Amino acid sequence: NQKGSETMSITRGTNIPAALLLAACCHLTPALADSLPCDDSIKTASRPDTDTKVVAVRLVKKGEELKAPDASQPVTAAADLCLVKLLVGPGATAEKDKTARSWSEGIGIEVWLPTHANWNERIRNYGGGGWVGGGHRYADKIGSKVPAIVNANIGYASGTTDAGQPWYQDGSFAFLSDGKVNVESLRDFSVRAMVEQAVKTKALVNLYYGKSAKYTYYDGHSQGGRQGMKIAQEYPELYDGYMIAQPALSIAKFGTVKSLGTATFAALSPEDKVAQLLIPTLGAYDYRREAVDAFLAERALGGIFIGIADG
């Protein structure tokens with residue numbers, strides 16, 4: 001169908017096989033094998049496409065402390081969980097410098113799976129925030145924020161993604177080392193990572209539990225809200241429901257402002273940066289012009305300016 005062909009296109013043709021897409025979108029479950037334990041048998045059995053590999057399978061025991069990137073204190077697992085970490089290629093093939101922050105092997109995904117007895121037969125995926133990133137692709141790190149772990153603690157299977165780049169809350173991936181725009185990673189960041197998040201989480205749920213989820217939900221705010229709105233508009237068949245708060249729909253504008261210190265603008269004076277970006281971007285309202293004036297005043301006084309941009 002038309003929507004299916006669009007999904008195949010956005011994932012570069014090979015990442016969502018037709019049968020998997022049909023099962024993921026339409027609640028049609030193929031003949032599934034028996035459920036699997038939380039061990040390396042998942043690595044052997046999980047082969048959704050040639051671009052996807054299982055990085056790690058980890059059994060998290062009840063009471064274990066987990067260090068989430070958005071928490072100052074460890075989060076305690078309220079029940080046994082199975083954490084599966086994926087890497088979905090091909091990544092930023094235009095970047096040749098492996099030391100550059102714009103170099104990426106693909107999209108990192110973590111899927112948190114309650115035990116078979118504790119699973120409520122639902123998926124509740126969680127969106128990212130800001131510039132996302134995180135330790136999703138690394139076996140020894142936790143990339144997911146606290147809400148995803150909480151979702152799994154109360155019985156949901158919950159998947160998260162680094163949106164295609166591993167540097168937590170760092171937007172420097174947007175430019176290649178030669179100064180050009182990193183089109184591949186920005187495409188992953190804007191939509192492809194969320195498609196893969198939905199499809200790969202469903203595939204793992206089918207594999208691990210031996211049956212598909214009864215319902216699949218999306219949960220996100222800020223950048224995660226923007227992600228959810230994008231999927232709801234263009235790929236509504238991927239989820240049965242959305243819980244979206246404070247979607248950062250204008251992130252293309254205020255995200256640029258936040259990136260003033262990156263390579264493209266590093267050579268400009270603060271005043272030139274304001275003239276070229278802040279006023280055209282935020283100047284629609286008088287109070288925002290006042291914020292620009294405040295920025296300049298603080299600069300002149302050697303102080304620190306803190307600005308808040310709404311979505």
Side-chain angles (χ1 to χ4, degrees), residues 7 10-11 24 66 68-71 75 83 85-86 88 104 106-112 122-137 141-154 156-171 173-174 185-202 204-205 213 215-259 308-311:
T7 305
I10 197 67
T11 52
L66 304 168
D70 59 333
V75 180
L83 172 59
K85 301 170 78 71
L86 307 175
V88 183
S104 173
I107 299 164
I109 295 174
E110 287 182 350
V111 181
W112 298 83
R122 288 158 175 77
I123 293 171
R124 185 173 174 179
N125 282 347
Y126 187 71
W131 291 110
V132 199
H136 299 71
R137 66 190 66 200
K141 295 183 179 180
I142 299 296
S144 300
K145 292 186 175 183
V146 172
I149 302 173
V150 173
N151 287 344
N153 274 340
I154 61 177
Y156 293 93
S158 187
T160 69
T161 173
D162 63 13
Q165 63 95 13
W167 305 100
Y168 184 64
Q169 297 304 319
D170 187 342
F173 75 91
S185 288
L186 284 174
R187 182 184 297 116
D188 286 352
F189 183 86
S190 63
V191 63
R192 179 174 173 255
M194 281 65 72
V195 173
E196 294 290 354
Q197 174 188 15
V199 173
K200 295 305 190 294
T201 299
K202 290 183 179 184
L204 271 174
V205 161
Y215 300 100
T216 302
Y217 305 119
Y218 180 90
D219 179 356
H221 74 282
S222 190
Q223 174 68 261
R226 195 279 310 167
Q227 294 172 339
M229 295 289 284
K230 181 70 170 178
I231 295 300
Q233 283 183 313
E234 298 193 8
Y235 304 92
E237 70 276 9
L238 291 179
Y239 290 99
D240 298 303
Y242 297 79
M243 186 169 70
I244 294 173
Q246 299 171 310
L249 302 181
S250 299
I251 198 165
K253 294 182 179 180
F254 68 76
T256 303
V257 174
K258 190 175 181 180
S259 302
I308 300 174
D310 63 15

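Note that these values count all heavy atoms, side chains included, but never hydrogens, waters or copies made by symmetry. Bear in mind the structure is a predicted one, so any value in this text is a computation, not a measurement.
Considering CG of D162 and NZ of K141, their distance stands at 11.5 Å, rounded to 0.5 Å. Taking CG from N125 and OG from S158, the interatomic distance works out to 6.0 Å, rounded to the nearest 0.5 Å. Of the inter-residue distances, the one linking L238 atom CG with T216 atom OG1 reads 9.0 Å to the nearest 0.5 angstrom. We find the OG-CG distance between S222 and L249 to be 10.0 Å, quoted to the nearest 0.5 Å.
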(request) Might you work through the side-chain contact (heavy atoms from CB on, under 4.5 Å) test for L204 and L86, ending with a clear yes or no? (result) CA-CA 10 Å; L204 271 174; L86 307 175; 3.8 Å; yes
(request) Evaluate the side-chain contact (heavy atoms from CB on, under 4.5 Å) criterion for residues K145 and T160: first the C-alpha distance (whole Å), next the side-chain angles of each, then the deciding distance (0.1 Å), finally the verdict. (result) CA-CA 8 Å; K145 292 186 175 183; T160 69; over 6 Å; no
(request) Report the C-alpha distance between V111 and K200 in whole Å, list the side-chain angles of each, state the deciding distance to 0.1 Å, and finish with yes or no for side-chain contact (heavy atoms from CB on, under 4.5 Å). (result) CA-CA 9 Å; V111 181; K200 295 305 190 294; 5.8 Å; no
(message) Working note: Q227 + Y218, criterion side chain to side chain donor-acceptor pair (under 3.5 Å); need CA distance, chi angles, decisive distance, verdict.
(response) CA-CA 10 Å; Q227 294 172 339; Y218 180 90; 3.3 Å; yes
(request) Would you please test W112 and Y156 for ring-ring contact (aromatic ring centres under 6.0 Å, His included) and show each step? (result) CA-CA 8 Å; W112 298 83; Y156 293 93; over 10 Å; no
(request) Could you walk me through whether D70 and Y168 pass the side-chain contact (heavy atoms from CB on, under 4.5 Å) test, one step at a time? (result) CA-CA 10 Å; D70 59 333; Y168 184 64; 3.9 Å; yes
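Side-chain atoms of P166 and H136, non-hydrogen and from C-beta on, never get closer than 4.5 Å to each other. Residues M243 and Y126 are not in side-chain contact: their nearest non-hydrogen atoms beyond the backbone lie 4.5 Å or more apart. Under the 4.5 Å side-chain criterion, counting only non-hydrogen atoms from C-beta, R226 is in contact with M194.
Listed here is the closest heavy atom pair of G225 and P247: C-CB, 3.7 Å. For the residue pair A193 and I107, the shortest heavy atom distance occurs at CA-CD1, 3.6 Å. In terms of heavy atoms, I149 sits closest to A68 at CD1-CB, 4.2 Å. Across all their heavy atoms, T201 and G159 have their closest contact at OG1-CA, 3.7 Å. Here the closest non-hydrogen pair linking G164 and S104 is O-OG, 2.9 Å. The nearest pair of heavy atoms linking P69 to S144 is CD-O, 3.0 Å.
In this structure, Y215 and Y217 have parallel ring planes: the angle between them is below the 30° cut-off, well short of the 60° mark. In this pair, F173 and F189 present their aromatic rings tilted. The plane angle is within the 30 to 60° band.
Here the side chain of R137 pairs a donor or acceptor atom with the backbone of G106 at under 3.5 angstrom. Side-chain atoms of S190 come within 3.5 Å of backbone atoms of R187 as a donor-acceptor pair (strictly under, hydrogens ignored). A donor-acceptor distance shorter than 3.5 angstrom exists from the side chain of Q169 to the backbone of G129, with no hydrogens or angles considered.
Side-chain contact annotation: S185 with Q165, donor-acceptor N/O pair under 3.5 Å absent.
Applying the side chain to side chain contact (heavy atoms under 4.5 Å, CB included) test between Q197 and each of V88, I231, T161 identifies T161 as the sole match.
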